[in-house]
Engineer: 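The structure's right below; bear with me while I get my questions together.
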Amino acid sequence: MPFTSINVDPCITPNAPSHTHPTIGLIGMGAMGRMYAKCLHDAGWKKIHVCDLPSKYDELKNDYADSPNIVPMPDGHAVARSSDFMMYSVEAEFIEKVVAEYGPSTKMNAVVAGQTSVKAPEQAAFEKYLPSDAHIVSCHSLHGPTVSPVGQPLATHCPQVLIKHRASDDALTLVENLLRPLGSRFVYLSYKEHDLVTANTQAVTHAAFLSMGTAWASAQSYPWEQGLYVGGIETAKVNIALRIYSNAWHVYAGLAILNPSARVQIDQYAKSATELFKLMLQGGSGDEGEKRKFRERVEWGCNVVFAEGDSGKTRRGRKPILLSQELLDRFSLGQTTPPTPTCSSSTNGLGNNTSPPSKYRPNSHLSLLAMVDCWAHLGINPYHHLSLAATPIFRLFLGVAENLFLSPVLLDGAIHSALYDTWHRPDDLEFVVAARGWSQCVSFGSFEVYRRRFEETRAFFEQRFEEAGKLGSEMIKAIMESEMDEERETT
């Protein structure tokens with residue numbers, strides 16, 4: 001059917017006279033809603049209407065008392081009927097309820113978007129409750145609220161997904177011009193493509209770090225304070241895990257519970273961690289044949305995901321994401337000290353040291369081995385979506401995996417440690433239990449169970465978030481800047 005005209009000039013810019021600016025509406029003023037309000041305000045847009053729950057109206061008025069271009073409204077009806085472009089920034093769990101309430105009040109010929117992490121429920125809600133004259137151009141910023149793309153070198157690695165679902169070309173152009181000052185890179189997908197891409201780039205990543213955090217909390221241990229998991233790869237794992245737990249639980253729950261592809265991947269991740277751990281134990285106490293089974297399983301995953309060939313073509317010509325473990329050391333929460341030579345570290349299994357102790361104490365890196373094994377079993381090529389719509393955290397974790405799997409010395413050290421060292425096995429056991437627990441939690445489909453599990457772990461790390469958050473942000477920025485420098489050198 002033909003589309004109606006939108007209400008404003010699609011080529012509008014912040015430099016246009018203020019009376020010609022579109023009214024931008026934001027329903028939902030959580031962390032992401034506030035980030036959008038700030039970014040759009042700083043970009044120069046003059047008419048921004050915002051709302052949250054009616055009970056938070058007075059709080060919003062107080063928060064934005066000194067921002068005349070951001071106008072809190074009593075509820076979503078007031079925002080919906082006044083906005084030429086409106087964005088729902090609410091949790092995926094509640095998107096249908098919120099759109100059912102406020103969708104019918106949408107201004108005629110307005111453009112409507114959603115900022116949910118799972119798009120299938122959003123699509124269904126928009127199609128069911130929005131007026132037929134509303135244009136649907138949805139979006140999704142593939143970064144957390146603490147990573148503002150404005151003015152950051154990181155911006156080229158922070159994709160903004162745009163979904164032209166039921167809209168005119170002018171409606172898409174308007175959304176592009178409204179969001180362009182934020183500095184993100186536009187990626188154009190369908191609703192279905194979005195959910196597949198986000199599952200492939202986020203589901204296993206989140207499962208890994210959620211499991212790490214739960215394992216550390218269950219052991220009542222901050223890993224960087226024990227001197228066992230410090231420096232290099234461990235720095236990235238610790239900082240990213242704490243970064244995830246410092247965010248709100250619902251940021252990750254929607255993807256895990258409402259995206260069917262994500263459920264499959266989280267289940268396989270738990271299976272991979274369990275099977276690899278069993279092979280470690282069997283190999284550690286068994287003969288050479290049992291040890292070979294573990295090594296062959298790890299090397300099979302490495303070959304499927306990283307070897308040159310059909311899948312390798314996607315990374316040919318590009319350098320690994322993480323340049324060096326020394327770069328990561330700059331952002332460590334603990335201090336690296338060389339391990340003391342013992343019969344259970346860097347040995348041939350007979351108590352004889354085969355090499356001097358390195359700066360980084362070898363361990364099994366089970367979380368990374370399981371991630372690559374999971375990708376291999378599901379036939380996921382992590383490079384396929386890397387340049388398309390990868391989050392900063394996904395890029396970093398893939399870089400950590402590259403750092404391990406593309407280094408024969410590091411990978412052999414991890415395999416050797418998994419088979420011969422026993423000091424990390426209690427921690428590996430906690431990790432496997434945590435991974436299986438998260439998989440079971442997701443299978444229940446209960447947001448309340450997910451929330452309780454997440455917040456119990458979060459409470460253990462809460463006092464360390466400020467320190468870890470600062471270092472984590474600096475680490476992401478430094479690594480992305482290094483990668484951008486390399487990309488410029490190869491172009």
Side-chain angles (χ1 to χ4, degrees), residues 202-226 228-229 233-253 255-257 262-281 333 363-375 377 393-394 397 400-401 404 414 417-418 421-462 464-465 468:
Q202 297 181 42
V204 174
T205 310
H206 294 168
F209 289 113
L210 291 172
S211 300
M212 287 182 217
T214 298
W216 296 331
S218 297
Q220 292 292 293
S221 170
Y222 297 116
W224 60 91
E225 291 186 347
Q226 310 305 313
L228 300 177
Y229 302 98
I233 291 175
E234 301 303 330
T235 299
K237 293 197 295 191
V238 167
N239 283 341
I240 298 174
L242 266 63
R243 188 179 186 87
I244 284 179
Y245 275 105
S246 69
N247 288 324
W249 64 274
H250 62 77
V251 173
Y252 311 103
L255 170 69
I257 293 174
R263 285 196 185 193
V264 172
Q265 294 178 31
I266 293 168
D267 181 61
Q268 179 58 53
Y269 184 75
K271 288 180 179 177
S272 292
T274 301
E275 292 170 3
L276 286 168
F277 184 64
K278 289 179 179 179
L279 289 173
M280 283 170 49
L281 296 181
L333 289 169
N363 69 75
S364 67
H365 290 299
L366 181 57
S367 61
L368 292 173
L369 300 187
M371 182 180 73
V372 172
D373 188 84
C374 173
W375 284 338
H377 274 90
I393 288 179
F394 175 77
F397 204 32
V400 171
L404 176 64
S417 181
D421 290 349
T422 58
W423 64 267
H424 53 70
R425 286 185 183 169
D427 299 318
D428 288 340
L429 175 60
E430 290 282 10
F431 175 78
V432 171
V433 172
R436 292 171 68 96
W438 275 109
S439 177
Q440 188 178 48
C441 171
V442 169
S443 72
F444 291 155
S446 169
F447 283 90
E448 178 60 20
V449 172
Y450 192 104
R451 181 192 65 79
R452 288 179 60 184
R453 185 176 178 85
F454 185 97
E455 291 186 345
E456 284 176 2
T457 298
R458 189 184 195 278
F460 178 72
F461 295 106
E462 197 153 16
R464 313 305 295 266
F465 286 155

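The model shown is predicted, which means the values in this text are computed figures rather than measured ones.
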Engineer: Is it true that a side-chain atom of Glu455 and a backbone atom of Arg452 form a donor plus acceptor pair closer than 3.5 Å?
Structural biologist: no
Engineer: Do Tyr269 and Ser367 have side chains that approach each other closer than 4.5 Å (heavy atoms only, starting at C-beta)?
Structural biologist: yes
Engineer: For Tyr252 and Thr205, test the side chains for any donor-to-acceptor distance below 3.5 angstrom and give the result as yes or no.
Structural biologist: no
Engineer: Which label fits Phe461 and Trp216: parallel for a plane angle under 30°, tilted from 30 to 60°, or perpendicular past 60°?
Structural biologist: perpendicular
Engineer: I'd like to check Val204 versus Phe394 (side-chain heavy atoms, cut-off strictly below 4.5 Å). Are they in contact?
Structural biologist: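 No, every pair of side-chain atoms sits at 4.5 Å or beyond.
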Engineer: For His250, enumerate each residue passing the ring pair (Phe, Tyr, Trp, His ring centres under 6.0 Å) test, keeping only those at least two apart in sequence or located in another chain.
Structural biologist: none
Engineer: Side-chain contact, heavy-atom cut-off 4.5 Å: Leu369 with Leu404?
Structural biologist: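 In contact.
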Engineer: Any salt bridge between Arg263 and Asp267, counting N to O under 4.0 Å?
Structural biologist: no
Engineer: In chain order, what residues pass the ring pair (Phe, Tyr, Trp, His ring centres under 6.0 Å) check against His365, with sequence neighbours excluded?
Structural biologist: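 Applying ring pair (Phe, Tyr, Trp, His ring centres under 6.0 Å) to His365 gives none.
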Engineer: Can you list the residues that meet the side chain to side chain contact (heavy atoms under 4.5 Å, CB included) rule with Thr274, with sequence neighbours excluded?
Structural biologist: Lys278, Val432, Arg436
Engineer: Check for me whether the distance between the ring centres of Phe460 and Tyr222 falls short of 6.0 Å.
Structural biologist: yes
Engineer: Just so I know, are the side chains of Trp249 and Arg458 near enough to count as touching, which here means a heavy-atom distance under 4.5 Å?
Structural biologist: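 Trp249 vs Arg458: side chains apart.
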Engineer: Can you tell if the side chain of Phe431 reaches within under 4.5 Å of the side chain of Asp427, non-hydrogen atoms only?
Structural biologist: no
Engineer: Ignoring hydrogens and geometry, is there a side-chain-to-backbone donor-acceptor pair from His377 to Lys271 under 3.5 Å?
Structural biologist: no
Engineer: Does any part of the side chain of Phe209, heavy atoms only, come nearer than 4.5 Å to the side chain of Met212, both counted from C-beta?
Structural biologist: yes
Engineer: So, for Ala256 and Ile266, which heavy atoms are closest and what is the spacing to 0.1 Å?
Structural biologist: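 That closest heavy-atom pairing would be CB-CD1, 3.8 Å.
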